[in-house]
A.B. asks: 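The structure follows.
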Amino acid sequence: MVASPLTAINGERAVVFFFVFRVLSSLPLSLLPHALSISLLSVFSLFVEIRADGSLSLFKTRPGASSGIMLGAVTLPTVMLSKLIQLSRAFSLQQIEIGELEHMTMQFWAASACCCGVLIFLSILMWCAAYNKNPHFSCSVWDAKFSLSCVILFSVVCCISLATISHTGFNTALKLLWLLCHGFAAVKLIQHLLNTFPCCASIGEALLLTSGLVLYFGDMLACTISKVCRLLVSPELVSIRYGIKRSEIGIIIQGVLLGLLIFSAVFKFVIHLWEYFCRADNSESRKNKEIRRSLIFFASLGFTMIVVAPSWMMIVLDFDVHPILWIFHFVLSEPLKRLSLCIYWLGLIYASVLRFYNISKNSKIERILLRKYYHLLAVSMFLPALIYQPKFLDLAFGAALAVFLVLEIIRVWRIWPLGQLVHQFMSAFTDHRDSDILIVSHFSLLLGCALPIWMSSGFNDRPLIPFAGILSLGIGDTMASMVGHKYGVLRWSKTGKKTIEGTAAGIVSVLAACSVLLPLLASTRYIPTQHWFPLLIAVTTSGLLEAYTAQLDNAFIPLIFYSLLCL
């Protein structure tokens, strides 16, 4: 059954359409193919989402959440496009080289290919499900024609855009093959995530995570292939898109995340191999098996992070010294400021976690409201560091992400002796969006604050861009929840909990914070002029998305806000 236009556009979809329109209205003519591709991706994702909402459940997704396919499909490509608009301004001012612009162009098309591949996969699943339910399904032919038209137009636009940045037809073919690999990898990864971690995420959330992981680790693979080609074949065969300069902190974060990925795969293989050979030996007690498993875990983790990951950084990315030595030298280059900041962070974390943990165990305060205090904690921790020690904060975010990942691996695999303790502690701060299988809220808060800061490295002519996550989550989302919970009366919808009073409080609080932050930034360093009308549009759009979406707002709102601030 085809949905009418009025019933097809709900609040979340209307906000997403306005977000895409706002970005497209700021495009220069040189990025016209990119605008057409985003438009096709938006229409195609809306079509798939409407079909998914009216069909059988394809996966076991997070209870209480809509599919979120359209939001998940357009977010990362539009973020890349906003960054591309910003770099286009920089290139016109001769602030960056052409290689960086071409690299971001490939990142945009790689993110779009990931999302388009997943949308095609979901369309095929729905056609098969509909046909199995009703062999005379009348809309399947029209659906196929419409989807095929979108895919063909998207492919043509992609080829035209890549041809403009490629020197030869062979180079264009290689880039198209690379994008095809991204799409295929995204399909396989989202299948794995939704089947391995059922009821942990909506399809839109899984799509955002999938496209981000494929894009990030695809860049690592590209660097490795580039280095191998230079060593074994010829430098001329290496594409220019992998020749951009990377900061030392960015290299370390990439290396650590790659090391954790390799460690997880190797440890799982070693444990299966060890259990296979030790299956016949039933005399060993369960305690001894857990201890031996734990020793293998920590030994493998130490070897990977001290030897394997640093070796990749030093060989592939030409890191001059061992990363651990570089970190010590970096921290001790300004010992008073950076060590004092570490002590300040540790004191805040200890006092807050101890206090809120006891409250969560003994109080009847709602979990979702209690966890907003952690958003305020993030503001008090990250805001001073971002103003006065931004590079050190970059490194600290990478270290915190690595610690969170290791703790989650320990919790999920129940590694002795910390596994059960970590599980009990983390369970005190979960809500309906988390599950026993996977706890994601702390990851989404950390990445929501960190990603705008990481992505704003290099050229940045918009002073508030690095603060997008801290402002939208730490201030806007927190004030919206607190005011809406205590004073909210008028609800945005009959079935939802979000209130107009809460949304208004979130928008006003972010604008008030910006009015204080901009003079403070101007007093510490030179910043370009910030226009208030685009800022008002950005704050209002992100606030309305928080009001309407049923997705994990920590993941989407900072990226939407970041994209709009780039314009």
Side-chain angles (χ1 to χ4, degrees), residues 41 44-45 47-63 65-77 110-133 140 143-144 147-148 150-151 154 177-221 257-258 260-262 264-266 268-269 272 405 408-409 412-413 433-440 443-444 551-552 555-556:
L41 199 63
F44 188 24
S45 60
F47 169 78
V48 175
E49 180 175 310
I50 293 172
R51 287 288 179 263
D53 290 343
S55 64
L56 298 175
S57 179
L58 303 176
F59 298 97
K60 292 182 179 180
T61 56
R62 181 164 61 84
S66 59
S67 65
I69 294 173
M70 183 182 179
L71 180 60
V74 304
T75 296
L76 191 58
S112 301
C114 291
C115 296
C116 187
V118 173
L119 291 177
I120 295 172
F121 166 70
L122 294 175
S123 298
I124 294 173
L125 282 185
M126 286 185 291
W127 295 336
C128 294
Y131 184 80
N132 292 334
K133 184 179 179 181
S140 59
D143 290 354
S147 301
L148 190 59
C150 290
V151 172
F154 179 87
L177 179 61
W178 184 246
L179 297 183
L180 187 63
C181 292
H182 275 74
F184 179 76
V187 170
K188 299 301 292 184
L189 181 57
I190 197 170
Q191 283 183 277
H192 178 74
L193 290 176
L194 292 174
N195 290 326
T196 306
F197 304 105
C199 303
C200 292
S202 67
I203 297 178
E205 294 163 357
L207 178 52
L208 178 65
L209 177 62
T210 295
S211 54
L213 289 176
V214 172
L215 193 66
Y216 193 71
F217 287 107
D219 187 65
M220 295 184 188
L221 179 60
L257 295 181
L258 179 64
L260 290 175
L261 177 68
I262 295 174
S264 301
V266 171
K268 190 174 182 179
F269 173 77
H272 286 169
L405 287 170
E408 186 66 10
I409 292 172
V412 171
W413 284 344
R433 294 175 295 186
D434 293 308
S435 66
D436 289 336
I437 303 175
L438 202 62
I439 299 177
V440 298
F443 285 106
S444 62
Q551 307 303 303
L552 189 61
F556 289 99

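These values consider heavy atoms only, across backbone and side chains, with no hydrogens, waters or symmetry-generated copies. It should be emphasised that the depicted structure is a prediction, and the values quoted were computed from it without experimental measurement.
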A.B. asks: When rounded to the nearest 0.5 angstrom, what is the spacing between CZ in Phe197 and CG in Leu209?
C.D. replies: 9.5 Å
A.B. asks: If you look at every heavy atom in Val214 and Cys114, which pair is closest and at what distance?
C.D. replies: CG1-SG, 3.6 Å
A.B. asks: Nearest 0.5 angstrom please: Leu194 CG to Thr210 OG1, how far?
C.D. replies: 7.0 Å
A.B. asks: Please list, chain by chain and in numerical order, all residues satisfying ring pair (Phe, Tyr, Trp, His ring centres under 6.0 Å) with Phe154, sequence neighbours excluded.
C.D. replies: Trp109
A.B. asks: Taking side-chain contact (heavy atoms from CB on, under 4.5 Å) as the definition, give me every residue that meets it alongside Ala113, ordered by chain and number, with sequence neighbours left out.
C.D. replies: Leu179
A.B. asks: Please enumerate all residues that pass side-chain contact (heavy atoms from CB on, under 4.5 Å) together with Ile120, with sequence neighbours excluded.
C.D. replies: Phe44, Cys116, Ile124, Val151
A.B. asks: Going from NE2 on His182 to CG on Leu189, what distance comes out if it is rounded to the nearest 0.5 angstrom?
C.D. replies: 12.0 Å
A.B. asks: Applying salt bridge (charged side-chain N to carboxylate O under 4.0 Å, His left out), which residue pairs with at least one partner in residues 184-213 are found, sequence neighbours left out?
C.D. replies: Arg62-Glu205
A.B. asks: May I ask you to decide if Ser66's main-chain N or O and Gln551's side chain share a donor-acceptor pair within less than 3.5 Å?
C.D. replies: yes
A.B. asks: Going by heavy atoms in the side chains, are Ser264 and Ile409 under 4.5 Å from each other?
C.D. replies: yes
A.B. asks: Under a 3.5 Å distance rule, please check whether Ser211 uses its side chain to pair with a backbone N or O of Leu208 as donor and acceptor.
C.D. replies: yes
A.B. asks: What pair of heavy atoms forms the shortest contact from Val74 to Ser45, and how long is it?
C.D. replies: CG1-OG, 3.9 Å
A.B. asks: Find the distance between CD1 (Ile69) and CD1 (Ile50) and round it off to the nearest 0.5 Å.
C.D. replies: 10.5 Å
A.B. asks: So, using side-chain hydrogen bond (donor to acceptor under 3.5 Å, both in side chains) as the criterion, who are the partners of Ser123 when residues are at least two apart?
C.D. replies: none
A.B. asks: What I'd like to find out is whether the side chain of Cys115 reaches to under 4.5 Å of the side chain of Pro77, using heavy atoms alone.
C.D. replies: yes
A.B. asks: Taking side-chain hydrogen bond (donor to acceptor under 3.5 Å, both in side chains) as the test, write out the residues that go with Ser67, two or more places apart.
C.D. replies: Asp53
A.B. asks: CG of Leu119 to CE of Met70: how many Å apart, nearest 0.5 Å?
C.D. replies: 11.0 Å
A.B. asks: Tell me the closest heavy-atom pair linking Leu76 and Leu215, and the distance in Å.
C.D. replies: CD2-CD2, 4.1 Å
A.B. asks: Grab the two heavy atoms, one from Phe556 and one from Thr75, that are nearest each other, plus how far apart they are.
C.D. replies: CD2-OG1, 3.5 Å
A.B. asks: Check whether any side-chain heavy atom of Leu552 sits under 4.5 Å from a side-chain heavy atom of Phe443, and report yes or no.
C.D. replies: no
A.B. asks: Rounded to the nearest 0.5 Å, what separation is found between the CD1 atom of Ile203 and the CD atom of Glu49?
C.D. replies: 9.5 Å
